[in-house]
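Each remark here refers to the structure printed beneath this line.
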Amino acid sequence: MARVYNFSAGPSALPEAVLKQASAEMLDWRGSGMSVMEMSHRGKHFSTIATELEADLRALMGIPDNYKVLFLQGGATGQFSFIPLNLLQGKTKACYVNTGAWSVKASGDAAKYCEVILSANSESSKFTTIPDLNAWQLDSEAAYLHYTANETIHGVEFQEVPNVGGLPLICDMSSNILSRQIDVSKFGLIYAGTQKNMGPAGVTVVIVREDLLGKADPSLPDVFNYVVQAKNDSMLNTPATYNWYLVGLVLKWLQGEGGIAAIEQKNIHKATTLYKAIDSSSLYTNPVNVNYRSRMNIPFVLKDAELDKVFLQDAEKQGFMELKGHRSVGGMRASIYNAMPIEGVQALIDFMAEFERTH
Ligand SMILES: Cc1ncc(COP(=O)(O)O)c(C=O)c1O
């Protein structure tokens with residue numbers, strides 16, 4: 001079967017070149033005579049993979065030297081708890097901004113460890129916008145402010161990094177990391193699961209400013225303690241070795257594409273083209289405030305929900321997969337991460353136009 005266009009929100013489509021390289025290197029990585037899966041994480045071959053992985057991520061994102069880069073397990077969901085346990089540092093409060101399902105989960109977990117100050121909340125809009133920064137309630141005694149850069153389910157994305165004064169800024173970038181240029185030095189901590197723009201599921205990247213470290217809650221297991229993991233190069237225990245390797249291949253692919261600046265231009269083009277098609281149709285609508293529409297996850301509903309099922313069936317027949325919206329919001333969602341080529345977006349638009357014409 002030919003490869004389909006996969007619009008899954010994550011795990012999601014990977015660059016075909018990466019899959020082919022992994023396949024070519026499956027039995028023998030760079031003349032080592034073994035698969036990466038079979039290597040000791042303490043051996044010289046894997047050590048090369050690990051060193052290149054961190055160096056490539058630092059180069060691509062311009063990560064300053066005073067930041068640690070960790071490759072952990074436990075998913076972004078684990079970080080919802082590990083962040084307060086590592087970063088409260090004796091403080092009793094943290095600020096959270098709820099702009100969709102993922103930030104609601106993050107603030108919900110944080111409430112187990114501290115008083116959560118809800119600095120802003122767009123629930124009354126059904127998470128279709130981002131509250132004006134001037135109206136955010138900031139508490140200078142809070143340990144940090146947490147927000148979600150891109151709400152994967154609701155399709156809402158911050159277009160700028162919010163300026164929250166002196167509070168360390170903590171950001172869940174799971175679904176838009178590496179998709180747009182950002183100034184890492186504005187953040188206290190950035191985290192992301194890898195299963196959207198970085199590779200397969202199974203690795204969680206944490207980029208954390210060193211001055212925030214050192215006073216973790218004593219109950220925190222060492223394996224999730226940023227200081228302990230940094231001292232051990234994220235290998236306190238056996239890491240997800242093959243997944244690290246695949247993330248490394250994706251980073252090298254991205255370098256070959258011209259890096260983040262170049263992929264950002266492609267992402268703008270893909271998203272603009274799809275939104276334009278939705279906005280000019282009389283069958284499809286996207287409910288999100290135009291100023292905060294996501295470039296990565298584009299939800300849309302059909303005017304007549306009765307057509308949902310046949311839309312999805314027809315789409316699948318023609319090789320457009322995983323377009324069903326998240327069960328909590330319904331409708332459709334096209335996730336168009338870095339690995340989705342413009343041809344895939346254009347083919348989807350053509351399919352949608354033809355479906356509208358015939359229905
Ligand atoms: C923005 C965001 N945060 C957190 C998560 C949770 O990630 P994980 O499943 O890796 O815990 C997801 C998953 O889709 C997400 O999209």
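Atom set for the values below is all heavy atoms of this structure, side chains included, hydrogens, waters and symmetry mates excluded. Quick caveat, the model's predicted, so the values are computed rather than measured. Indexing begins at 1, ligand by ligand and atom by atom, following the structure's order.
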Contact table ligand 1 N or O to protein N or O, d under 3.5 Å:
unit_1   : atom_1 : unit_2 : atom_2 : d
ligand 1 : 3 (N)  : Asp172 : OD2    : 2.6
ligand 1 : 10 (O) : Ala76  : N      : 3.3
ligand 1 : 10 (O) : Gln195 : NE2    : 3.0
ligand 1 : 11 (O) : Ala76  : N      : 3.2
ligand 1 : 11 (O) : Thr77  : N      : 2.8
ligand 1 : 11 (O) : Thr77  : OG1    : 2.5
ligand 1 : 14 (O) : Lys196 : NZ     : 2.7
ligand 1 : 16 (O) : Trp102 : NE1    : 3.3
ligand 1 : 16 (O) : Thr152 : OG1    : 2.4

Test: salt bridge (charged side-chain N to carboxylate O under 4.0 Å, His left out). Region: residues 267-278. Which pairs qualify, not counting sequence neighbours?
none
For residues 348-359, pull every pair meeting salt bridge (charged side-chain N to carboxylate O under 4.0 Å, His left out), keeping only residues two or more places apart or in separate chains.
Glu354-Arg357
Ring centres under 6.0 angstrom apart (Phe351, Phe311):
yes
Other members of the hydrophobic cluster containing Tyr337, with the 4.5 Å side-chain heavy-atom rule, please.
Met296
Check for me whether the distance between the ring centres of Phe158 and Tyr292 falls short of 6.0 Å.
no
Is the centre of the Phe46 ring less than 6.0 Å from the centre of the His41 ring?
no
